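Presented below is the structure to which this report refers.
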Amino acid sequence: MKHGHEPLAREELPVDTAALARYLIGKRVVRKLPEGIVSGRVVETEAYVIDDAAGHAYRGMTPRNRSLFLERGHAYVYLAYGVSWMLNVSSETEGVGAGVLIRALEPIEGIAIMATNRATERRRDLARGPGRLAEALRIDRSLDGLDLTRKGPLWLAGDDHEVGEIGNSVRIGISREAERSLRFYLRASPYVSGARSLNP
DNA sequence: AGTGCGATTGACT
DNA sequence: GTCAATCGCACTA
């Protein structure tokens with residue numbers, strides 16, 4: 001990497017949730033921890049679009065989901081099933097609630113730190129799945145609302161690596177609006193979560 | 001104030 | 001393949 005994890009500029013982020021979900025494939029999530037930098041390539045995302053009954057913003061702003069209404073490029077972090085933290089990127093203009101769930105990363109930097117955070121040595125299991133990636137990067141509520149277009153504890157950056165073919169499918173683990181094809185993933189990546197049928 | 005339910009994971013049959 | 005863990009939050013009253 002010749003660049004120094006320069007953050008993505010907000011202006012380059014598509015002002016459209018599905019477009020942003022696709023755009024983020026191949027980009028980098030960078031986490032600064034006391035032990036060092038941890039980062040990975042985004043290989044899987046899901047869009048939770050405007051007026052989406054499956055989206056947390058569907059019934060309006062609440063204390064939990066207010067970060068979804070921030071200008072695009074901010075973190076929305078919440079706890080799923082009382083067990084796993086989920087990292088989302090707000091995706092529309094200020095006041096409009098929508099976001100992109102980051103579902104899996106290909107581990108790039110700080111592998112040893114991730115392995116410690118995850119209590120496993122298996123490379124493929126470090127950040128395959130939204131809860132796992134949050135654990136690997138030690139992401140929790142304290143990062144909710146963070147501007148991901150600025151260097152800080154967590155941000156989004158570019159990546160010089162060529163991006164392979166991007167597939168799309170229905171979203172995973174939801175019941176409402178389950179038929180919509182709003183999941184995006186890198187076809188060739190072994191670091192993508194989900195059943196085989198969803199990764200043709 | 002009580003209740004039902006997940007944008008998941010890991011353990012287990 | 002099935003299933004329990006675990007808890008914050010939105011919703012009902």
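Here the structure is a predicted model, which means the values were calculated and not measured. Residue numbers start from 1 in every chain, and the chains themselves are labelled A, B, ... in the order their sequence lines are given, proteins ahead of strands.
The number of heavy-atom neighbours closer than 6.0 Å to CZ of A:Arg187, taken from other residues, nucleotides and ligands shown, is above 12.
Running 5' to 3' along DNA chain C, contacts with non-hydrogen atoms of chain A at under 4.0 Å begin and end at C:dT6 to C:dC11. For DNA chain B, the contact window with chain A, defined by any atom under 4.0 Å from a protein heavy atom, covers B:dG6 to B:dG10 in 5' to 3' order.
Two residues, A:Glu135 and A:Arg64, neighbour DNA chain B, and the one matched to the more 5' nucleotide by heavy-atom proximity is A:Arg64. Comparing A:Ser175 and A:Arg128 against DNA chain B, the residue whose closest nucleotide sits nearer the 5' end is A:Ser175.
The two atoms that bring A:Leu20 and A:Ser91 nearest to each other are CD2-CB, 3.7 Å, heavy atoms only. Across all their heavy atoms, A:Arg171 and A:Ala54 have their closest contact at NH2-CB, 3.9 Å.
Scanning residues 67-100 of chain A for heavy-atom distances under 4.0 Å to DNA chain C yields A:Tyr81, A:Gly82, A:Val83.
A salt bridge between A:Arg138 and A:Glu35 is present, with a side-chain N of the basic residue lying under 4.0 Å from a carboxylate O of the acidic one. Between A:Glu135 and A:Arg132 there is no salt bridge, since none of the side-chain N atoms of the basic residue sits less than 4.0 Å from a carboxylate O of the acidic one. Classification of A:Glu109 and A:Arg41 as a salt-bridged pair fails, no side-chain N sitting under 4.0 Å from a carboxylate O.
At a threshold of 4.5 Å between non-hydrogen side-chain atoms, the residues A:His5 and A:Val30 count as touching. The side-chain heavy atoms of A:Ile108 and A:Val38, taken from C-beta on, include no pair separated by under 4.5 Å.
Within 4.0 Å of A:Arg171, counting heavy atoms only, lies no atom of the nucleic acid at all. Looking at heavy-atom distances under 4.0 Å, A:Arg141 makes contact with sugar-phosphate atoms alone, never a base.
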Exercise for the section: Give the C-alpha distance, both sets of side-chain angles, the deciding distance and a yes or no for side-chain hydrogen bond (donor to acceptor under 3.5 Å, both in side chains) between A:Glu71 and A:Thr93. Expected result: CA-CA 5 Å; A:Glu71 194 175 17; A:Thr93 53; over 6 Å; no
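Secondary-structure annotation of DNA chain B gives the stems B:1-6 with C:7-12, B:8-12 with C:1-5, with a stem taken as at least 3 successive Watson-Crick or G-U pairs whose two distances both fall under 3.5 Å.
In this structure, a donor-acceptor pair under 3.5 Å is absent between the side chains of A:Asp125 and A:Thr120.
Every residue two or more places apart in sequence or in another chain that forms a ring pair (Phe, Tyr, Trp, His ring centres under 6.0 Å) with A:Tyr78 is listed here: A:His56, A:Tyr76.
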Mind listing the side-chain donor-acceptor pairs of residues 95-103 of chain A below 3.5 Å, one per line with the distance, residues two or more places apart or on another chain?
{"residue": "A:Arg103", "atom": "NE", "partner": "A:Glu44", "partner atom": "OE2", "Å": "2.9"}
{"residue": "A:Arg103", "atom": "NH2", "partner": "A:Ser193", "partner atom": "OG", "Å": "3.2"}

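Geometrically, A:Arg176 does not engage A:Tyr58 in a cation-pi contact, judged by NZ or CZ lying under 6.0 Å from the ring centre and within 45° of the ring axis.
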